[in-house]
Amino acid sequence: VVPPAANASAPTAAPAERPSAASSPVTDETSDPAAQSARYITLSRLHHGASSSPSAPRPIAFSAQDLSELDRLDEALYEAFMRAWRPPGPTQLDRARRSVRLDVTLAPDVTIVKSDLAAPSGSSELDLSVLAAAEQVTALLRDPATNRAALKFPAKLPSPLQNSRYDCRILFQLE
């Protein structure tokens, strides 16, 4: 899944792969085939970096190459979280409790410096599965021995963000 190019002045969503006739949903591998659930991740870019003043961050100008690098970073984050996330089976969750929002902040060296459960689901099992995925991806990015290149993670944020940070929001959903 390649996220669409982002407009630097507004948040943009990088939709997770949705099932279609040509593709099947990602399923929970821990449940039996009758109880398999479709799981989705939607990644949205928040403001890109913070200014030093307490007022709203000023817009950052991104070149086409910078936006392409952000797209690759979003794709790598999406893939890493999809690999790490192991949600509980859908039969264990009320329909109204199948969505969790995680806010993530990346440092210029593409390490996760902060991940906050911004909108818990109300299901401790689902919330804990998202937090566990965040811990796993954080550890992956901090460990220099891992093969970050295999997951397509860049070594650093695009040049306009080198003295700042990259904030994104990840929505985890089960059907």
Side-chain angles (χ1 to χ4, degrees), residues 1 3-16 39-62 66-88 97-174:
V1 169
N7 177 334
S9 63
T12 6
R39 61 187 177 110
Y40 305 100
I41 292 177
T42 306
L43 192 147
S44 302
R45 292 177 185 165
L46 300 179
H47 70 280
H48 303 291
S51 67
S52 58
S53 73
S55 62
R58 64 183 156 78
I60 296 174
F62 287 91
D66 294 332
L67 289 174
S68 177
E69 289 176 29
L70 282 176
D71 287 343
R72 284 193 300 275
L73 175 60
D74 288 347
E75 182 179 352
L77 279 170
Y78 170 87
E79 292 293 329
F81 273 96
M82 283 299 286
R83 288 180 188 191
W85 183 37
R86 296 292 177 241
R97 296 181 176 191
R98 294 185 183 183
S99 177
V100 178
R101 192 177 80 214
L102 183 75
D103 288 348
V104 175
T105 300
L106 292 151
D109 64 350
V110 190
T111 56
I112 296 176
V113 293
K114 184 174 152 187
S115 59
D116 290 324
L117 204 60
S121 67
S123 163
S124 60
E125 287 184 83
L126 182 57
D127 295 346
L128 289 173
S129 74
V130 169
L131 291 172
E135 287 178 24
Q136 187 176 346
V137 174
T138 298
L140 169 85
L141 292 175
R142 284 202 175 134
D143 183 4
T146 63
N147 190 355
R148 289 171 44 150
L151 291 172
K152 302 180 221 165
F153 276 101
K156 59 185 180 175
L157 292 178
S159 57
L161 298 176
Q162 281 303 299
N163 296 319
S164 189
R165 67 176 193 244
Y166 177 63
D167 297 317
C168 63
R169 175 166 288 159
I170 307 172
L171 182 64
F172 296 79
Q173 296 175 286
L174 291 174

As an exercise, state the distance from [atom1] of [X] to [atom2] of [Y], rounded to the nearest 0.5 Å.
| X | Y | atom1 | atom2 | value |
| --- | --- | --- | --- | --- |
| Leu141 | Gln136 | CG | CD | 11.0 Å |
| Leu43 | Met82 | CG | CE | 12.0 Å |
| Leu126 | Leu131 | CG | CG | 10.0 Å |
| Tyr166 | Leu73 | OH | CG | 5.5 Å |

Side chain to side chain contact (heavy atoms under 4.5 Å, CB included) involving [X] - partner list, sequence neighbours excluded:
| X | answer |
| --- | --- |
| Pro158 | Asp66, Glu69, Leu70, Pro160, Leu161 |
| Glu135 | none |
| Thr138 | Ile112, Arg142 |

Please enumerate all residues that pass side chain to side chain donor-acceptor pair (under 3.5 Å) together with Ser159, with sequence neighbours excluded.
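With sequence neighbours excluded, Ser159 shows a side chain to side chain donor-acceptor pair (under 3.5 Å) to no residue whatsoever.
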Tell me, please, which residues at least two apart from Ser129 pass side chain to side chain donor-acceptor pair (under 3.5 Å).
->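 For Ser129, the residues satisfying side chain to side chain donor-acceptor pair (under 3.5 Å) (neighbours in sequence not counted) are Trp85.
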Please give me the minimum heavy-atom distance between [X] and [Y], naming the atom from each residue.
| X | Y | result |
| --- | --- | --- |
| Ser99 | Leu171 | OG-CD1, 3.2 Å |
| Pro88 | Leu174 | O-CD1, 3.9 Å |
| Ser115 | Ala134 | OG-CB, 3.9 Å |
| Tyr78 | Ile41 | CE1-O, 3.5 Å |

Inset, instruction - Without swapping roles, check the side chain of Gln162 against the backbone of Leu157 for a donor-acceptor pair under 3.5 Å. - result: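 Here the side-chain-to-backbone pair exists.
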N/O donor-acceptor pair under 3.5 Å between Arg83 side chain and Val137 backbone
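No.
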Return all side-chain donor-acceptor pairs below 3.5 angstrom for residues 100-107, not counting sequence neighbours, or 'none' if the list is empty.
unit_1, atom_1, unit_2, atom_2, d
Asp103, OD1, Arg169, NE, 2.8
Asp103, OD2, Arg169, NH2, 3.2
Thr105, OG1, Asp167, OD1, 2.8

| Is the shortest distance from a Lys or Arg side-chain nitrogen in Asp127 or Arg97 to a carboxylate oxygen in the other one below 4.0 Å? |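 Judged by the 4.0 Å cut-off on N to carboxylate O distance, Asp127 and Arg97 do not form a salt bridge.
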Practice problem: List the steps and the verdict of salt bridge (Lys or Arg N to Asp or Glu O under 4.0 Å) for Glu79 and Lys152. | Solution: CA-CA 9 Å; Glu79 292 293 329; Lys152 302 180 221 165; 5.8 Å; no
